[in-house]
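Below: the structure, in structure tokens.
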Amino acid sequence: MAVDDEILERAKAGRSEPLLALLMAHYADVTRIASALAGRADVARGVVRFVMARSTYSLANWRDGEQAERWFTHQTVLAARRAAHHKPQAQEDLLAEGEAADLGYVAFIRAVRLLPVQQSEAFILHHGQRWAARNLAIAMDCSTTAATMHLKAAEAAVGTVAGETMPRYCNLLHAAYQALAGDPESGRNDVRAWIHRAKRPRRMKRLALLVLLLFAAAIGAVLWMRAH
């Protein structure tokens, strides 16, 4: 969700509450994307933590709220892609949980996981987030044509497994995807901790600069007194 440009500017100025509002505006989507692409809670937590922490150093480059939104989705997809070799167990896959997850649906999700990574991304993000080719291209760092090709190849491959149940299983995937937003209160606590850690080096840098200035001032005062 794109945030108001005023909030972004205040966050860029280092204000804690606007920065918290900025990160929380994207927390649910980052968590959904990371959890759906990873399929594992432990891997997803690592992806979310990495993206949120990195955002505090990248926000100075964002022109507006829409650019910030694109950054979050893009970086989440790339971080999840780097962790794609950590595959979930079929029965424990985050997209295969729930009462409706029969053996056929579990096999369907397994087929999605066995696709080449960009095909799997395109399939999950299209049917989970309901993104069109342009949004897929932005998130996946490829052309619209390439995103469309990845999606079509994925649907053809998974269709051989799902058959006529494909529409129903895609709807189940969408429902499972939407349920992966995470707990907002727990997320708020985590985001506050990440902001605090991100600000610590900056505080130390300012403190070191202050000490240096005070030391220089003291030396200057001593030299002035000796000269007079």
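Residue numbers count from 1 along this sequence.
Heavy atoms only, all atoms of each residue included: G128 and Y177 are closest at O-CD2, 3.4 Å. For R110 against A90, the heavy-atom pair with the smallest separation is CD-CB, 4.2 Å. The heavy-atom pair separating T76 from A34 by the smallest distance is CG2-N, 3.8 Å. For the pair A162 and F108, the tightest heavy-atom approach, listed with the atom from each and the gap, is CB-CD1, 3.8 Å. Considering every non-hydrogen atom in both Q118 and R81, the closest pair reads NE2-NH2, 3.7 Å. For the residue pair R63 and R70, the shortest heavy atom distance occurs at NH2-NH2, 4.1 Å.
Between L103 and Q91 the shortest side-chain heavy-atom distance falls below 4.5 Å. Proximity of Y105 to T165: side-chain heavy atoms (C-beta onward) are nowhere separated by under 4.5 Å. Side-chain contact check for R82 versus F50: some heavy-atom pair is nearer than 4.5 Å. The shortest side-chain heavy-atom distance between E155 and H127 falls under the 4.5 Å cut-off. The shortest distance between side-chain heavy atoms of L23 and V30 does not fall below 4.5 Å. Contact of the R113 side chain with the I124 side chain is registered, since non-hydrogen atoms from C-beta on lie closer than 4.5 Å. When side chains are defined from C-beta on, E121 does not count as touching H150, because their heavy atoms never get closer than 4.5 Å.
Listed for the S120 side chain is a donor-acceptor partner under 3.5 Å among the backbone atoms of V112. Without hydrogens or angle criteria, S143 side chain to A146 main chain gives a donor-acceptor distance under 3.5 Å.
The aromatic rings of W62 and W71 lie tilted to each other, with the angle between the two planes from 30° to 60°.
Atom CZ of residue R45 and atom OG1 of residue T31 lie 11.0 Å apart, to the nearest 0.5 angstrom. Here the straight-line distance linking atom CE of M166 with atom CG of L173 works out to 10.0 Å at 0.5 Å rounding. Atom CD1 of I109 and atom CG of D93 lie 6.0 Å apart (nearest 0.5 Å). A distance of 11.0 Å separates CD of E17 from CD1 of I7, quoted to the nearest 0.5 Å. The distance from atom CZ of R40 to atom OG of S35, rounded to the nearest 0.5 Å, is 12.5 Å. In this structure, the separation between NE2 on H174 and CD on Q129 is 9.0 Å, given to the nearest 0.5 Å.
Linking ILVMFWY side-chain heavy atoms closer than 4.5 Å, directly or via other members, places Y169 and V161 in two distinct hydrophobic clusters. No continuous path of hydrophobic side-chain contacts links L136 to M149 [ILVMFWY only; heavy atoms under 4.5 Å]. If you chain together hydrophobic residues whose side chains sit under 4.5 Å apart, L59 and M52 fall into the same group. Under a hydrophobic clustering in which Ile, Leu, Val, Met, Phe, Trp and Tyr are joined whenever their side-chain heavy atoms come within less than 4.5 Å, directly or via other members, V117 and L125 fall into different clusters. In terms of hydrophobic clustering, with Ile, Leu, Val, Met, Phe, Trp and Tyr side chains grouped at heavy-atom distances under 4.5 Å, V77 and I138 are assigned to different clusters.
Between R32 and D29, at least one side-chain nitrogen of the basic residue sits less than 4.0 Å from a carboxylate oxygen of the acidic one, meeting the salt-bridge criterion.
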